[in-house]
There are 2 protein chains.
Amino acid sequence: MKIQELADKTGLSIHTIRYYEKEGLLDTRHVQRDNNNYRNYSDAALERMKLIKKFQGIGCSLMELKDILKDHDTNTRSNQQVIEWISSKIDEIERKKEEYDHMLATLNLMLEYHIALENDPEKAQAMLKRMQSMQHTE
Amino acid sequence: MKIQELADKTGLSIHTIRYYEKEGLLDTRHVQRDNNNYRNYSDAALERMKLIKKFQGIGCSLMELKDILKDHDTNTRSNQQVIEWISSKIDEIERKKEEYDHMLATLNLMLEYHIALENDPEKAQAMLKRMQSMQHTE
DNA sequence: GTAAACTATAGAGTTAACTCTATAGCAAGC
DNA sequence: GCTTGCTATAGAGTTAACTCTATAGTTTAC
């Protein structure tokens with residue numbers, strides 16, 4: 001498929017797709033050139049783009065992805081090293097999830113407070129006091 | 001306290017702290033000037049820095065934080081609007097958490113596969129087949 | 001056969017969030 | 001009082017990840 005089609009299918013811009021190639025995130029299995037020098041993308045390219053988006057969504061940089069994918073493609077690292085990378089990534093995500101849970105708790109408390117402000121001023125007052133006394137203990 | 005002390009207590013650089021001020025994330029309750037024009041930070045500044053770091057950790061931009069905090073400070077928005085903002089933020093974080101869960105599942109599968117490669121080649125082979133048949137169904 | 005639409009490259013521009021540099025005014029220790 | 005270290009400002013530089021522009025070749029539709 002040509003670049004515009006891939007762009008449509010991935011939701012990325014053609015600029016971004018060419019940028020990813022320039023950054024070394026694609027290889028010959030993903031892009032070839034036609035006689036007219038137009039890029040011709042395989043289905044593997046589509047899969048790779050999806051994978052990149054997914055990993056990017058959880059905070060991986062393109063640099064990191066490039067390393068991992070190159071690795072995945074050429075098997076330069078030992079299986080042990082791959083296992084270690086995956087494990088540390090899992091830890092990282094789990095830490096991040098805990099952060100999110102903490103923020104969720106905070107936001108839910110904030111929400112409860114603002115709803116109380118509307119319906120139950122006394123409760124709101126009580127919550128405010130409770131929150132202030134927490135300020136310096138966390 | 002002076003800027004270096006705040007930097008030490010927050011883990012931010014003095015450059016970053018001044019940058020935050022320039023970007024409008026602090027006001028007179030956080031910073032005042034001494035006679036010699038040195039900045040003098042209150043404990044509120046410390047709290048604010050912590051808050052910024054927390055929200056930034058879950059993907060809020062400084063711009064967004066500026067809006068929220070300005071809001072929080074001056075009460076320009078109605079309580080209803082604040083409730084809506086908090087609710088949408090909660091939704092956002094919950095979506096993000098699901099993404100993380102999905103990635104965790106993927107990574108755990110990858111881990112299991114690589115461990116099987118070491119100890120149980122047959123299992124690894126079976127997993128590979130299973131994963132390949134999943135490729136085009138998701 | 002020509003205009004519109006798509007593709008190519010090289011390289012400049014953008015944005016967020018820092019990060020650093022140069023220059024200069026205070027401050028604290030000895 | 002001098003050196004060392006902290007503070008100030010203005011503005012330049014950096015990094016990642018795009019995003020866009022200029023210029024030019026190719027394809028497609030009419």
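Lettering follows sequence order; numbering is per chain, from 1. These numbers were taken from a predicted model, which means no experiment stands behind them.
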Minimal heavy-atom distance between A:Met103 and B:Lys54, with the atoms involved, is SD-CD, 4.0 Å

Taking any heavy-atom pair under 4.0 Å as a contact, classify A:Ile14: base, sugar-phosphate, or nothing.
nothing

Let me know the distance between CG of B:Asn40 and P of D:dA8, rounded to the nearest Å.
10 Å

Output the rounded distance in Å from CG (B:Asn37) to C1' (D:dC6).
14 Å

Just to confirm, is there a sub-4.0 Å distance from OP1 or OP2 of D:dA8 to any side-chain nitrogen or oxygen of B:Arg18?
yes

Exercise: do A:Asn108 and A:Glu112 side chains pair donor with acceptor under 3.5 Å
no

Specify the separation, in whole Å, of atom NE2 of B:His15 and atom P of D:dA8.
12 Å

Counting the atoms with a prime plus P, OP1 and OP2 as sugar-phosphate, which does B:Ser61 contact under 4.0 Å by heavy atoms, base, sugar-phosphate, or nothing?
sugar-phosphate

Mark yes or no for whether A:Thr16, through its side chain, and A:Leu12, through its backbone, hold a donor-acceptor pair below 3.5 Å.
no

Give me the first and last nucleotide of DNA chain C, going 5' to 3', that has any atom under 4.0 Å from a heavy atom of chain A.
C:dC6 to C:dT9

Quick check on side chain to side chain donor-acceptor pair (under 3.5 Å): which of B:Glu64, B:Glu84, B:Glu94 does B:Lys89 satisfy it with?
B:Glu64

Atom of A:Ala44, atom of A:Arg29 and distance for their closest heavy-atom approach:
CB-O, 3.9 Å

Mind calculating the distance between CD (A:Gln4) and C1' (D:dT28) to the nearest angstrom?
15 Å

Counting C-beta onward and ignoring hydrogens, is there a side-chain heavy-atom pair between A:Trp85 and A:Asp67 closer than 4.5 Å?
no

Mapping A:Gln56 and A:Asn35 to their closest nucleotides on DNA chain D, which lands nearer the 5' end?
A:Gln56

Toward the 5' end of DNA chain C, which comes first, B:Leu12 or B:Lys2, by nearest nucleotide?
B:Leu12

Using heavy atoms to find the nearest nucleotide of DNA chain C for B:Tyr38 and A:Tyr41 separately, return the residue whose nucleotide is more 5′.
A:Tyr41

With heavy-atom distances below 4.5 Å as the criterion, would you say the side chains of B:His30 and B:Glu21 are in contact?
no

Which whole-number value in Å describes the distance from B:Asp8 CG to D:dT7 C1'?
14 Å

For A:Thr16 and B:Arg39, take the nucleotide of DNA chain D holding the closest heavy atom to each; which residue's nucleotide lies nearer the 5' end?
B:Arg39

